[in-house]
2 protein chains.
Amino acid sequence: MLRKNSKQRDAIVAMVKSSKSHPSADEVYGAVRKIYPQISLGTVYRNLSALAEAGGITRITCGLGGDRFDGNTAMHYHFQCAECKRVFDVEMAVDERLNKHAAALLNADIDNHTAMFYGRCAECKNIRRG
Amino acid sequence: MLRKNSKQRDAIVAMVKSSKSHPSADEVYGAVRKIYPQISLGTVYRNLSALAEAGGITRITCGLGGDRFDGNTAMHYHFQCAECKRVFDVEMAVDERLNKHAAALLNADIDNHTAMFYGRCAECKNIRRG
DNA sequence: GTTGTTGCAAATCGTTTGCACGTCC
DNA sequence: GGACGTGCAAACGATTTGCAACAAC
């Protein structure tokens, strides 16, 4: 994968990199379709997965709904609102030593870790709950 | 939900609580079926979700494969092996203040957070990679 | 007897894949 | 021109849901 260029992939990368909203595959699809109306959802999924694998973007596995994607590949944590399902960055220092610590405890090779916070975002927290 | 007792639910709780392997819904199904061969996968899913919602067990959203369930509801972190997909506990102190810290940063209500480590477990790390 | 719970099957959601065709180097 | 990428549709795995029968209180 990623051996040849494609304008579809370029558009997908550009969309994810320029977005701050942690879009889902479907949202990327909707946005890129405005430029390439013929693009297929399969192509979006294939490229998002290949790009995440190659390290060009980050895949965010969240508890509520499908995966999200993030153009910011620097290690950081996320928060997901249980109400609106949006994902936000948590601008908090990440302790990379946790990987080594956990690796020692488990006698495992550890590549990375993720942290997800859950609750209600600023906009949703004062509204009646469904 | 959870307003009346059922022997199926009792068996599901017992299985998850007694397991240390963070079983998937399908694994719970397989185990409980030995006692109640007529139980359906839908019942297992319904009960696991209701129990997790009620706080009797914990749902683990992991990046590789479907959700797992944990009878240990005390806050702790997990590690998933990229090779065998098994999930392990990480016996590491959890800083509960992170929730307050993140809540302040985002002006959000935060209930909980999870952390997942990824890599290769002790058993898999020395074996040729596929 | 009312209401929650079950078993079953069909439906849904998010994602992946096989294939014929198109495009890049 | 050969390998990789695309569009399309079908397939897939995980999970949820509608419904009639059933069990708990």
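Nothing here was measured: the structure is a model prediction, and the numbers come from that model.
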- Interface limits on DNA chain C, where chain A has a heavy atom under 4.0 Å of a nucleotide atom: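 Span of nucleotides near chain A: C:dG14 to C:dC25.
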
With a 4.5 Å cut-off on side-chain heavy-atom distances among I, L, V, M, F, W and Y, is there a chain of contacts connecting [X] to [Y]?
X	Y	answer
A:I60	B:L64	no
B:L105	A:Y118	no
A:I57	A:F88	no
A:M75	A:V87	no
A:V13	A:I35	yes

Could you tell me which non-hydrogen atom of [X] sits nearest to which non-hydrogen atom of [Y], and how far apart they are?
X	Y	answer
B:V90	A:A102	CG1-CB, 3.9 Å
B:E27	B:S24	OE1-N, 2.9 Å
A:S49	A:R59	OG-NH2, 2.9 Å

- Over its full length, what angle do the end axes of the helix from C:dG1-D:dC25 to C:dC25-D:dG1 make, each axis taken from five pairs and the result rounded to 10 degrees?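 For the helix from C:dG1-D:dC25 to C:dC25-D:dG1, the axes at either end differ by 30°.
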
- Item | Span of DNA chain D in contact with chain B (heavy atoms, under 4.0 Å) |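 On DNA chain D, the outermost contacted nucleotides are D:dA14 to D:dC25.
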
Using distance only, find each side-chain donor-acceptor pair of residues 109-117 of chain B under 3.5 Å and give its atom names and separation, not counting sequence neighbours.
{"unit_1": "B:H113", "atom_1": "ND1", "unit_2": "B:N99", "atom_2": "OD1", "d": "2.8"}
{"unit_1": "B:H113", "atom_1": "NE2", "unit_2": "B:Y77", "atom_2": "OH", "d": "2.7"}

- Query: Closest nucleotide of DNA chain D for B:G66 versus for B:N5: which of these residues is on the 5' side?
  - Reply: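 Its nucleotide being nearer the 5' end, the pick is B:G66.
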
- Item | Any residue of residues 41-65 of chain A with a heavy atom less than 4.0 Å from an atom of DNA chain D |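 Of all residues in residues 41-65 of chain A, the ones placing a heavy atom under 4.0 Å from DNA chain D are A:T43, A:R46, A:N47.
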
- Query: Of the residues in residues 14-35 of chain B, which ones touch DNA chain D at a heavy-atom distance under 4.0 Å?
  - Reply: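 Of all residues in residues 14-35 of chain B, none places a heavy atom under 4.0 Å from DNA chain D.
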
- Identify which one of B:T58, B:N72, B:D89 satisfies the side chain to side chain donor-acceptor pair (under 3.5 Å) criterion when paired with B:H22.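 Looking at B:T58, B:N72, B:D89, the match for B:H22 under the side chain to side chain donor-acceptor pair (under 3.5 Å) is B:D89.
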
- Task: Verify side chain to side chain donor-acceptor pair (under 3.5 Å) between B:H101 and B:D95, making sure each step is shown before the conclusion.
- Result: CA-CA 10 Å; B:H101 189 176; B:D95 189 349; over 6 Å; no

- Query: Want to settle it: does B:P37 or B:M1 sit nearer the 5' end of DNA chain C, counting the closest nucleotide to each?
  - Reply: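 Looking at the nearest nucleotide for each, B:M1 comes out on the 5' side.
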
- Is B:S19 reaching over with its side chain to a backbone N or O of B:M15, donor-acceptor style, under 3.5 angstrom?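 It does not hold such a pair.
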
- When you look at B:Q80 and B:R68, which way does the side chain to side chain contact (heavy atoms under 4.5 Å, CB included) test go after all the steps? CA-CA 11 Å; B:Q80 185 170 32; B:R68 309 303 200 89; 4.3 Å; yes

- Message: With rounding to the nearest 0.5 angstrom, report the CZ to CZ distance, A:F79 to A:R120.
- Response: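 Answer for the CZ-CZ pair, A:F79 versus A:R120, is 9.5 Å.
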
- Look up atom SG in B:C62 and atom NE2 in B:H78, then write down how far apart they are to the nearest 0.5 Å.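 Output value for this atom pair is 9.0 Å.
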
